[in-house]
Amino acid sequence: AQTVTQSQPEMSVQEAETVTLSCTYDTSENNYYLFWYKQPPSRQMILVIRQEAYKQQNATENRFSVNFQKAAKSFSLKISDSQLGDTAMYFCAFIDSNYQLIWGAGTKLIIKP
Amino acid sequence: DAGVIQSPRHEVTEMGQEVTLRCKPISGHNSLFWYRQTMMRGLELLIYFNNNVPIDDSGMPEDRFSAKMPNASFSTLKIQPSEPRDSAVYFCASSLGVGNQPQHFGDGTRLSIL
């Protein structure tokens, strides 16, 4: 069975600091996609970043970047210069061969002023 | 561009009543997904459609749940009869294709069954 594990239920950092959210996954597939979604208190689900497994280069989107370690099956999200608006639940997700998203349990990130 | 539109945003109803949740996907997207989010179980895929056809409904919890997609721009998720344990946030998402395209989520419907 394919699984996604987020080992940090909650994290808290000061505004402007850098924070890294961890995500590991388990799959026997070679080609797949990984995602980070953000869910702020407003409850929307927002795509943050996407990584293709066949690409060695780590994806970046402005202040958000990933550290993708395919051999270790690790897909961490780094948020640089964190802002108060980054406070949210962050979900790591994996698309399996049936094209369904498999979700981690989420990490609650709190950015303190 | 308009995103995925869900209605209502909140629904409070009594046990036994029929509940209908609505979703309008992003124009041009041909895949639509219904999810349920609870504290206990996290995000669960209930059903997804491709080109208006239900592809996998194995996540639908029981016969009380049904989903339809009569056309490319509209889908409903119906619960009849509703039970308190159905209380959750229900998300609709759409994507361009079923493959590895990102899914775009609506704001969700918070459902409370009393």
Side-chain angles (χ1 to χ4, degrees), chain A residues 1-10 21 23 25 27 29-55 59 61 64 66 68 70 75 77 88-108, chain B residues 1-11 23 25-26 29-51 53-60 88-112:
Chain A
Q2 297 175 120
T3 58
V4 176
T5 302
Q6 293 179 251
S7 59
Q8 305 149 312
E10 184 170 326
L21 309 183
C23 173
Y25 58 93
T27 182
E29 299 181 9
N30 194 45
N31 292 319
Y32 48 86
Y33 282 64
L34 294 156
F35 303 85
W36 278 98
Y37 280 88
K38 167 185 176 181
Q39 186 180 35
S42 63
R43 205 180 63 215
Q44 297 166 287
M45 287 288 288
I46 303 166
L47 176 67
V48 175
I49 202 165
R50 175 176 70 161
Q51 174 78 43
E52 294 91 338
Y54 62 85
K55 288 187 177 179
E61 286 289 340
F64 298 86
V66 299
F68 175 49
K70 190 173 183 179
F75 181 60
L77 174 70
M89 283 289 292
Y90 287 81
F91 293 93
C92 178
F94 165 97
I95 278 194
D96 71 3
S97 56
N98 292 320
Y99 306 121
Q100 295 179 20
L101 276 175
I102 300 171
W103 297 89
T107 296
K108 184 177 182 180
Chain B
D1 288 342
V4 175
I5 300 172
Q6 289 187 247
S7 64
R9 290 295 306 273
H10 306 273
E11 175 87 15
C23 176
I26 292 172
H29 283 190
N30 59 353
S31 294
L32 183 139
F33 306 79
W34 281 102
Y35 290 90
R36 178 172 65 176
Q37 184 182 29
T38 61
M39 291 298 291
M40 291 293 292
R41 302 168 72 95
L43 268 164
E44 303 172 279
L45 177 67
L46 300 177
I47 185 171
Y48 77 91
F49 296 83
N50 187 41
N51 294 324
V53 177
I55 303 301
D56 185 353
D57 65 354
S58 59
M60 296 285 264
V89 179
Y90 291 81
F91 285 99
C92 176
S94 71
S95 70
L96 190 61
V98 182
N100 296 317
Q101 297 298 317
Q103 296 177 18
H104 299 265
F105 284 76
D107 290 346
T109 295
R110 183 178 296 278
L111 177 63
S112 299

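Naming convention: chains lettered A, B, ... in sequence-line order (proteins, then strands); numbering from 1 in each chain.
- A donor-acceptor pair shorter than 3.5 Å cannot be found between the side chains of B/Y90 and B/E11.
- The two residues A/F91 and A/A105 have their closest heavy-atom pair at CE2-O, 3.7 Å.
- Taking the six-membered ring wherever Trp is involved, the centroid distance between the rings of A/Y25 and A/F75 does not fall below 6.0 Å.
- Of the atoms belonging to B/L45, it is side-chain heavy atoms, and not backbone ones, that fall under 4.5 Å from chain A.
- Residue B/Q37 touches chain A through its side chain alone, counting heavy-atom pairs closer than 4.5 Å.
- Residue A/E52: no heavy atom, backbone or side chain, is found under 4.5 Å from chain B.
- The shortest heavy-atom contact between B/V4 and B/C92 is CG1-O, 3.7 Å.
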